[in-house]
A.B. asks: 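I have a structure I would like to understand better, so I am pasting it below and will then ask my questions one at a time.
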Amino acid sequence: MKTSKKVLAISSISVFALIGLICLIVMFYKSNDYKQYTDDLNGIRFLKSDWGMNVDETMASFKGENIGFSSDGYAGIYESVDKREVNGLNAKIEMYFSKDALTVMPYLREEVGKGVAGLHKVVLYFDEDMETFQKAFEKELGEDKTPIEKDGEVIGYTSIKVKYNDITDKKIKEKMDEIIKDSQYEQNKDELYLNSFNIEKTDKTKTNNKNEQVYNTKVVYEGNGLAVLNNADRIMLRDVGNIIIGN
């Protein structure tokens, strides 16, 4: 009899523990406050968004910015309905989302690559000349900018904001090491970067409401590595949940 009560008590504790963990996982997925590393690593983001956010989280971050987005029919790509002011210049905005980390870091292990990447790239298109354009984004480029050349002409500049070798925090580096374990990224750590920013000339024709528009310059915010890193905790909880539930 005592043994039966003991078994029942242990079973009850296990059930409550399982329910609690499931609730934690659900709350974690719904929360906008999961750990993000962009600031910790001195990275760069677009406005108040962050790398790895899903569509709803990203749109919520623009509350008060008066920016409307719509899907252009391609999976994961959202563009602004109208031009919006960014750094004093009017821009057409494209935002890229992915549900698959392998899309943005194709050499990851399969179990990591199945994780969500979320927001991983933002592209802004402008009508401005390069001189005006470069001055407006001088702060974002910083002092470490490198010329982008095409056919012997400098058409823009790029700046790597977060390299693997820039990670000094032990816990963050351990997390990134686990992500890239047994992949080509692990073998080429010196060349791995998580975040970058660049400006360049472009002849980009876009059609909006049947009106063609040619843009002279563009900005590219890229955060592939940070998107995967920022979702690492979500991937971990997903895997724990799958083990418990039996999927």
Side-chain angles (χ1 to χ4, degrees), residues 38 43-62 65-101 103-106 116-142 145-150 154-162 193-209 211-228 230:
T38 309
I44 189 169
R45 60 166 66 86
F46 176 62
L47 296 180
K48 297 177 182 178
S49 65
D50 206 346
W51 306 114
M53 283 182 169
N54 61 33
V55 174
D56 290 339
E57 291 167 339
T58 303
M59 298 309 161
S61 75
F62 295 137
E65 298 286 349
N66 194 30
I67 303 177
F69 287 92
S70 64
S71 172
D72 68 353
Y74 295 97
I77 303 177
Y78 286 73
E79 60 179 24
S80 58
V81 176
D82 302 303
K83 291 182 181 179
R84 306 309 310 173
E85 184 177 304
V86 181
N87 287 17
L89 305 177
N90 290 324
K92 185 70 176 178
I93 305 168
E94 288 182 346
M95 309 194 75
Y96 292 72
F97 297 85
S98 177
K99 296 180 179 179
D100 186 357
T103 301
V104 300
M105 294 186 73
V116 173
L119 178 65
H120 61 92
K121 184 170 74 172
V122 177
V123 183
L124 313 180
Y125 294 99
F126 298 88
D127 301 328
E128 311 296 335
D129 61 85
M130 178 55 73
E131 185 177 355
T132 301
F133 183 57
Q134 185 176 344
K135 186 175 181 180
F137 287 91
E138 188 174 12
K139 181 179 178 181
E140 285 86 345
L141 276 174
K145 60 182 180 293
T146 302
I148 299 172
E149 296 186 11
K150 182 179 180 181
V154 175
I155 63 168
Y157 297 90
T158 186
S159 180
I160 305 300
K161 295 302 179 182
V162 180
Y193 64 88
L194 286 66
N195 183 210
S196 68
F197 177 86
N198 69 273
I199 66 173
E200 61 184 273
K201 295 179 182 178
T202 183
D203 293 320
K204 172 77 172 183
T205 302
K206 293 183 65 63
T207 301
N208 185 27
N209 296 329
N211 295 318
E212 288 192 345
Q213 174 69 58
V214 178
Y215 295 93
N216 300 317
T217 44
K218 72 176 180 179
V219 155
V220 180
Y221 296 79
E222 186 268 302
N224 291 349
L226 282 178
V228 176
N230 284 341

A.B. asks: So, for L141 and K145, which heavy atoms are closest and what is the spacing to 0.1 Å?
C.D. replies: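 Reported closest heavy-atom pair: CD1-CD, 4.1 Å.
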
A.B. asks: Answer whether the closest heavy-atom distance between the side chains of M95 and F97 falls below 4.5 Å.
C.D. replies: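 Yes, close enough: below the 4.5 Å cut-off.
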
A.B. asks: Any idea which heavy atoms bring A91 and S80 closest together, and the distance?
C.D. replies: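 Scanning both residues, the minimum pair turns out to be O-OG, 4.4 Å.
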
A.B. asks: Mind checking what makes side chain to side chain contact (heavy atoms under 4.5 Å, CB included) contact with N198, not counting sequence neighbours?
C.D. replies: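 Applying side chain to side chain contact (heavy atoms under 4.5 Å, CB included) to N198 gives I148, T158, E200, V220.
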
A.B. asks: Could you walk me through whether V123 and V219 pass the side-chain contact (heavy atoms from CB on, under 4.5 Å) test, one step at a time?
C.D. replies: CA-CA 6 Å; V123 183; V219 155; over 6 Å; no

A.B. asks: Taking all atoms of both residues into account, what is the closest heavy-atom pair of L119 and A227, and its distance?
C.D. replies: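 Here L119 and A227 meet closest at O-CB, 3.5 Å.
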
A.B. asks: Testing the basics here: between S49 and F62, what is the closest heavy-atom pair and its distance to 0.1 Å?
C.D. replies: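 Closest approach of S49 to F62, heavy atoms only: CB-CZ, 4.2 Å.
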
A.B. asks: Hey, does M130 have a side-chain heavy atom less than 4.5 Å from the side chain of I199?
C.D. replies: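 Answer yes - side chains close enough.
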
A.B. asks: Centroid separation under 6.0 Å, is that true for the rings of Y215 and Y125?
C.D. replies: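 That pair passes the under 6.0 Å test.
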
A.B. asks: Identify the residue among K83, E128, R84 that makes a side chain to side chain contact (heavy atoms under 4.5 Å, CB included) with L89.
C.D. replies: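 When K83, E128, R84 are each tested with L89, the side chain to side chain contact (heavy atoms under 4.5 Å, CB included) holds only for E128.
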
A.B. asks: Would a distance-only check, ignoring hydrogens and angles, find a side-chain to backbone donor-acceptor pair under 3.5 Å from N195 to T38?
C.D. replies: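 Not confirmed, N195 side chain does not pair with T38 backbone.
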
A.B. asks: Do K121 and Y221 have side-chain heavy atoms sitting under 4.5 Å apart?
C.D. replies: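 K121 vs Y221: side chains apart.
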
A.B. asks: With sequence neighbours excluded, tell me which residues meet salt bridge (charged side-chain N to carboxylate O under 4.0 Å, His left out) with K201.
C.D. replies: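 Listed in chain order: E153.
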
